[in-house]
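None of these values were measured; they are calculated from a predicted model. Side chains are part of it too, since the values below use all heavy atoms of this structure and drop only hydrogens, waters and symmetry mates.
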Amino acid sequence: MSPPPANRPPSLREAERIVRDAVDTGRLERGPADSLARCLDRSTVAQHGDLVEVLAEAAYEAKRRIAGDVVTVSRNVFIPLTNLCRNRCSYCTFAKRPVDADAKTYRLDEVAEVSRRAARVGCTEALFCLGDKPELAFPSYREWLETQGYAATADYLVDGCRTALDTGVLPHSNAGLLTQEQMTALRPLNASMGLMLESTSQRLHQKGGAHFSAPDKRPELRLRMHREAGELKIPFTSGILLGIGETADERVDTLLAIRELSDRYGHIQEAIVQPFHPKADTKMRGAPTPAEDELVAWVAMARLLLGPAVNVQAPPNLTHGSADGDGLIRRLVRAGVSDWGGVSPLTIDFINPEAPWPKLGALRRQTVAAGAELRERLPVYPRTLLERPDFFEPSLRQRALGLADAKGYARPRQALAREEAA
């Protein structure tokens with residue numbers, strides 16, 4: 001159906017027809033999405049609670065048509081290979097300089113040790129998260145890299161991934177902007193890779209914007225890496241960051257950009273819908289986190305916009321600001337979430353250290369209480385692992401299949417432990 005006129009938001013009945021069409025056709029198109037988005041920015045969402053519920057119900061039905069009642073999670077270990085970074089986003093506490101007391105770069109023996117511990121407790125994913133190109137900003141770090149025999153952090157990451165893989169866990173690298181050549185070197189060692197698109201908004205790079213001092217956050221550069229990952233057939237994670245100054249229209253633009261990449265290359269496994277959380281000692285420490293209704297609405301919008309090929313992920317530890325964490329988990333499941341992302345039994349979320357991971361047992365109970373089944377997955381999703389062998393080096397795919405059951409989910413921890421003991 002046609003969207004309502006541009007000068008007014010849709011009525012509830014019009015919204016119901018829009019989202020019903022989206023469920024039946026498999027996706028929400030730009031015109032209707034822009035119409036709905038007028039009601040879903042920070043200033044208006046509180047006035048449209050009924051619309052949020054309509055969106056959530058439709059998105060939940062769409063998700064069940066795609067994935068049934070299953071919600072997935074990856075048992076991982078978080079390895080921040082280096083927290084040095086040349087970008088200075090206005091909301092980030094992860095990025096450090098060499099002079100900072102808490103600056104750290106992992107040695108390869110430390111990578112091996114934490115990966116072995118992870119394998120012993122049934123983790124199947126080593127999440128490598130690191131700062132963007134610190135060698136370009138910090139001469140002392142560049143000199144250290146050179147003494148180790150590396151020209152760039154991405155070269156060091158290759159050996160970090162190889163080290164983790166040798167212990168039996170599958171790497172997933174989120175290393176900021178990489179060149180096509182760097183991704184080519186990492187591909188044989190990574191079950192999947194990722195880069196948060198965050199936003200396609202150019203305004204955020206203007207003075208005072210969240211990305212003003214972050215050259216590697218320019219959307220055209222991040223979109224290029226997404227495209228090159230697709231050309232290389234790398235299973236890929238993208239995502240949107242809510243609440244850093246973008247408009248509702250720009251959120252629609254960002255989600256549709258991710259969908260276009262998925263349509264073209266088929267490599268986008270999942271899109272993260274991540275709410276901004278203010279952190280002390282940052283320029284955006286006084287900015288509000290998105291309200292619950294806003295987060296629920298945009299999880300639902302993501303589900304309806306992205307189409308059936310892309311999983312929608314919401315990090316469960318970022319519900320910590322909610323007055324009722326269990327209630328928000330339930331609302332997110334009932335708004336179309338299909339994945340919780342990586343949850344670690346060993347390490348903190350180094351990007352959001354103030355937000356502890358839920359215990360996997362508690363997350364399972366919360367997910368079941370919301371009417372879904374929690375299944376553990378590898379850093380690559382079952383459909384990609386089983387149906388797209390061309391997305392992997394053969395030896396890496398064999399390693400992944402060895403950690404998977406017949407349906408492509410992670411094998412039970414007990415089975416992994418018995419095989420290790422044998």
**OP:** Using the side-chain contact (heavy atoms from CB on, under 4.5 Å) rule, take Leu40 and Glu294 through it: C-alpha gap first, then chi angles, then the decisive distance, then the call.
**Re:** CA-CA 6 Å; Leu40 301 177; Glu294 189 178 359; over 6 Å; no
Original post:
Under the side-chain contact (heavy atoms from CB on, under 4.5 Å) criterion, do Cys161 and Phe128 qualify, and how do the steps go?
Top reply: CA-CA 8 Å; Cys161 291; Phe128 283 92; 4.0 Å; yes
**OP:** Given side-chain contact (heavy atoms from CB on, under 4.5 Å), test Tyr91 with His211 step by step and report yes or no.
**Re:** CA-CA 9 Å; Tyr91 47 80; His211 291 156; 2.9 Å; yes
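Formation of a donor-acceptor pair under 3.5 Å by the Arg117 side chain with backbone atoms of Leu346 is not found in this model. Side-chain atoms of His172 never come within 3.5 Å of backbone atoms of Glu125 as a donor-acceptor pair (strictly under, hydrogens ignored). Judged by distance alone, the side chain of Asp293 and the main-chain N or O of Val45 form no donor-acceptor pair under 3.5 Å. The closest donor-acceptor contact from the side chain of Arg330 to the backbone of Gln366 lies at 3.5 Å or more, if one exists at all. Of the possible donor and acceptor atoms, none in the side chain of Asp216 sits under 3.5 Å from a partner among the backbone N and O of Asp132. Judged by distance alone, with hydrogens and angles left aside, the side-chain atoms of Arg30 form no donor-acceptor pair with the main-chain N or O of Leu256 at under 3.5 Å. Judged by distance alone, with hydrogens and angles left aside, the side-chain atoms of Thr124 form no donor-acceptor pair with the main-chain N or O of Leu378 at under 3.5 Å. A donor-acceptor pair under 3.5 Å is absent between the side-chain atoms of Asp100 and the main chain of Asp102, judged by distance alone. With Asp349 contributing its side chain and Asn352 its backbone, the two residues share a donor-acceptor pair below 3.5 Å. One N or O on the side chain of Thr289 and one on the backbone of Phe276 form a donor-acceptor pair closer than 3.5 Å.
Side-chain contact check for Glu220 and Gln202: at least one donor-acceptor pair (N or O, by modelled atom type) lies under 3.5 Å. The closest side-chain donor-acceptor pair between Ser199 and Glu246, if any, does not fall under 3.5 angstrom. No side-chain donor-acceptor contact under 3.5 Å links Thr247 and Asp249. For the residue pair Asp41 / Thr44, a side-chain donor-acceptor distance below 3.5 Å is found, with atom types taken as modelled. The closest side-chain donor-acceptor pair between Lys133 and Asn87, if any, does not fall under 3.5 angstrom. Between the side chains of Asp253 and Thr200, no donor-acceptor pair of N or O atoms lies under 3.5 Å.
Between Glu53 and Arg331 a salt bridge is recorded (basic side-chain N to carboxylate O distance below 4.0 Å). Using a 4.0 Å cut-off between charged nitrogen and carboxylate oxygen, Glu260 and Arg264 do not count as a salt-bridge pair. A salt bridge does not link Arg20 with Glu57: none of the charged nitrogens is closer than 4.0 Å to a carboxylate oxygen. One finds no salt bridge joining Lys63 and Asp339 here, because no Lys/Arg side-chain nitrogen approaches an Asp/Glu carboxylate oxygen to under 4.0 Å. In summary, Glu113 and Arg116 engage in a salt bridge, as defined by a charged side-chain N under 4.0 Å from a carboxylate O.
With rounding to the nearest 0.5 Å, the separation of CZ in Phe392 from OG1 in Thr384 is 6.0 Å. A distance of 12.0 Å separates CZ in Arg187 from OG in Ser192, rounded to the nearest 0.5 Å.
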Please output the side-chain donor-acceptor pairs of residues 300-312 that fall under 3.5 Å, not counting sequence neighbours, one pair per line with the distance.
unit_1, atom_1, unit_2, atom_2, d
Arg303, NH1, Val310, O, 3.0
Arg303, NH2, Gly307, O, 2.5
Arg303, NH2, Val310, O, 2.9
Asn311, OD1, Ser338, OG, 3.3
Asn311, ND2, Gln269, O, 3.1

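For Glu373, the CD atom is densely surrounded, since the number of other residues' heavy atoms within 6.0 Å is greater than 12. Within 6.0 Å of CZ in Arg88 there are more than 12 heavy atoms belonging to other residues, nucleotides or ligands. Shown here is Arg388, whose CZ atom has more than 12 heavy atoms of other residues, nucleotides or ligands within 6.0 Å. Atom NZ of Lys104 has more than 12 neighbouring heavy atoms from other residues, nucleotides or ligands inside a 6.0 Å radius.
The heavy-atom pair separating Arg86 from Ala137 by the smallest distance is CB-CB, 3.6 Å. When all heavy atoms are compared, the tightest approach of Leu165 to Pro171 is CD1-CD, 3.8 Å. Taking every heavy atom of both residues into account, Leu177 and Gln182 meet most closely at O-OE1, 4.5 Å. Residue Val121 comes nearest to Arg75 through the heavy atom pair O-CD, 3.7 Å, listed as atom of the first residue, atom of the second, then distance.
Applying the ring pair (Phe, Tyr, Trp, His ring centres under 6.0 Å) rule to Phe350 yields the partners Phe78; only residues at least two apart in sequence or on another chain are considered.
Within the structure, the ring pair (Phe, Tyr, Trp, His ring centres under 6.0 Å) test picks out the following pairs touching residues 221-254 (sequence neighbours left out): His226-Phe236, Phe236-His267.
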